[in-house]
Amino acid sequence: GGMQVKKIWFTSDCHFNQERALIMSKRPFDTVSDMNDTMIRNWNRNVGKDDVVFILGDFGDYSYAQYLNGDKILIPGNYEKVDKIEDIKKYDFFLVTDDRYTIEYRGYTLNMVHEPRLLNKQYMEPDEINLFGHVHKLCMIKRFGINVGADCHNFTPIDFDTVLFYAGGIREYYDFDVFM
């Protein structure tokens, strides 16, 4: 019983139903349908129906949104920029039209973009957390932010506590060698 508190989640570069992502990113699935099924199962095992998921671009086949729990806020990636905005609006998303989406949450400013260079930062201010996608699993942690891409996080969205964990690591624990 009781009221279920909404959680917020982050992901990027799901590339649902796109064989190119399976091959180019050396994803650990035998087939595209295996990839799709695993990502749907992982998503719904974690994300509640009333939660909010920020998708930092390159969702893939938009029709897959209907199978996924939560309110989905899509920030445009490379694929969304070339696809027609009107077409995406037919699906189960709240679509952001800007390259950057910023929210205030639990005392932090969360700056969300698709491409890391759009952050245009060398490091994170104490009260901000910068999140990006685009680079798949080529890098997960930078001094300036955290890659929330599906390839880095077992093909499932990550929650705010996980984001805070990495942000804390960037600020306090990682030594210089991490950022070589």
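Please read these numbers as outputs of a predicted model, since none were measured by experiment. Along the sequence shown, the residues carry numbers beginning at 1.
Between T102 and R100, some side-chain heavy-atom pair lies under the 4.5 Å cut-off. V32 has its side chain within reach of N17: a pair of non-hydrogen atoms, C-beta onward, lies under 4.5 Å apart. Residues N36 and Y67 fail the side-chain proximity criterion, which asks for heavy atoms closer than 4.5 Å. Using a 4.5 Å heavy-atom threshold, the side chains of F54 and K72 count as separate. In this structure, I85 and L95 have side chains that are in contact, with non-hydrogen atoms separated by less than 4.5 Å. You'll find the side chain of F16 stays beyond 4.5 Å of the side chain of S63, heavy atoms only. The shortest distance between side-chain heavy atoms of R27 and H136 falls below 4.5 Å. When side chains are defined from C-beta on, T11 counts as touching V53, because their heavy atoms get closer than 4.5 Å.
Heavy-atom neighbours of E172 CD from other residues, nucleotides or ligands within 6.0 Å: above the threshold of 12. Annotation for F160: atom CZ counts as buried by contact number, over 12 foreign heavy atoms lying within 6.0 Å. Other residues, nucleotides and ligands contribute only 12 or fewer heavy atoms inside 6.0 Å of the CZ atom of F165. By the neighbour-count criterion of 12 heavy atoms within 6.0 Å, atom OH of Y123 is sparsely surrounded, having that number or fewer from other residues, nucleotides or ligands. By the neighbour-count criterion of 12 heavy atoms within 6.0 Å, atom CZ of R106 is densely surrounded, having more than that number from other residues, nucleotides or ligands. For E19, the CD atom is loosely surrounded, since the number of other residues' heavy atoms within 6.0 Å does not exceed 12.
Among all heavy-atom pairs drawn from E125 and E128, the shortest one is N-OE2, 2.9 Å. Nearest heavy-atom pair across C152 and C139 is SG-O, 4.1 Å. Here the closest heavy-atom approach between residue P157 and residue V47 is recorded as CG-CG2, 4.1 Å. Of all heavy-atom pairs between K121 and F144, the closest is O-CB, 3.4 Å. Considering all non-hydrogen atoms of both residues, H134 and P116 come closest at CB-CD, 4.0 Å.
Ion pairing between a basic and an acidic side chain is recognised when a charged N comes within 4.0 Å of a carboxylate O; E86 and K84 show no such pairing. Ion pairing of K7 with D161 is absent here, as no side-chain N (NZ or NE/NH1/NH2) approaches a carboxylate O to less than 4.0 Å. A salt bridge does not link D13 to K137: none of the charged side-chain nitrogens sits closer than 4.0 Å to a carboxylate oxygen.
Considering NZ of K142 and CE of M124, their distance stands at 13.0 Å, rounded to 0.5 Å. The structure places CG of L110 at 6.0 Å from CG of L131, a figure rounded to the nearest 0.5 Å. Here the CG atom belonging to L74 is positioned 11.5 Å from the NZ atom belonging to K89, to the nearest 0.5 angstrom. To the nearest 0.5 Å, atoms CD (Q18) and CG (D58) are separated by 7.5 Å. The CZ atom of F29 lies 14.0 Å from the CD1 atom of I23; values are rounded to the nearest 0.5 Å. Expressed to the nearest 0.5 Å, how far CG of D151 lies from OG of S12 amounts to 9.0 Å.
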Begin from the C-alpha positions of V52 and I73 and carry the test side chain to side chain contact (heavy atoms under 4.5 Å, CB included) through to its verdict.
CA-CA 7 Å; V52 176; I73 298 177; 3.8 Å; yes
Evaluate side chain to side chain contact (heavy atoms under 4.5 Å, CB included) for V135 paired with E115, printing each intermediate quantity in order.
CA-CA 8 Å; V135 294; E115 296 179 41; over 6 Å; no
Output, in order, the C-alpha distance, side-chain angles, deciding distance and verdict of side chain to side chain contact (heavy atoms under 4.5 Å, CB included) for V163 and I158.
CA-CA 7 Å; V163 165; I158 58 171; 3.8 Å; yes
Going through the checks in order, is the side chain to side chain contact (heavy atoms under 4.5 Å, CB included) test met by L164 and Y108?
CA-CA 10 Å; L164 267 186; Y108 291 93; 3.5 Å; yes
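F94 and I88 are members of different hydrophobic clusters when ILVMFWY side chains are connected at heavy-atom separations under 4.5 Å. In this structure, W43 is not a member of the same hydrophobic cluster as I8, with clusters built from ILVMFWY side-chain heavy atoms closer than 4.5 Å. Note on I146: it clusters hydrophobically with Y105, by side-chain heavy-atom contacts below 4.5 Å among ILVMFWY residues.
Checking each of L118, N130, I129 against N111 for a side-chain contact (heavy atoms from CB on, under 4.5 Å) leaves exactly one that passes, namely N130.
Proximity of a side-chain donor or acceptor of N42 to a complementary backbone N or O of F155 within less than 3.5 Å is detected. A donor-acceptor pair under 3.5 Å is formed between the side chain of N44 and the backbone N or O of N69. When atom types are taken as modelled, the side chain of D51 and the backbone of G48 share a donor-acceptor pair closer than 3.5 angstrom.
Looking only at atom types and distance, the side chain of N154 has no donor-acceptor partner in the side chain of T156 under 3.5 Å away. Between the side chains of T162 and D159, at least one donor-acceptor pair of N or O atoms lies under 3.5 Å. No donor-acceptor contact under 3.5 angstrom links the side chains of Y62 and D87, judged on distance only. Defined by atom type and a distance below 3.5 Å, a donor-acceptor pair is missing between the side-chain atoms of W9 and N46. Side-chain contact check for H114 and N78: at least one donor-acceptor pair (N or O, by modelled atom type) lies under 3.5 Å.
Between F59 and Y79, the ring centre distance reaches or exceeds 6.0 Å. F10 has its ring centre no less than 6.0 Å from the ring centre of H153. The aromatic ring centroids of Y64 and Y91 lie 6.0 Å or more from each other.
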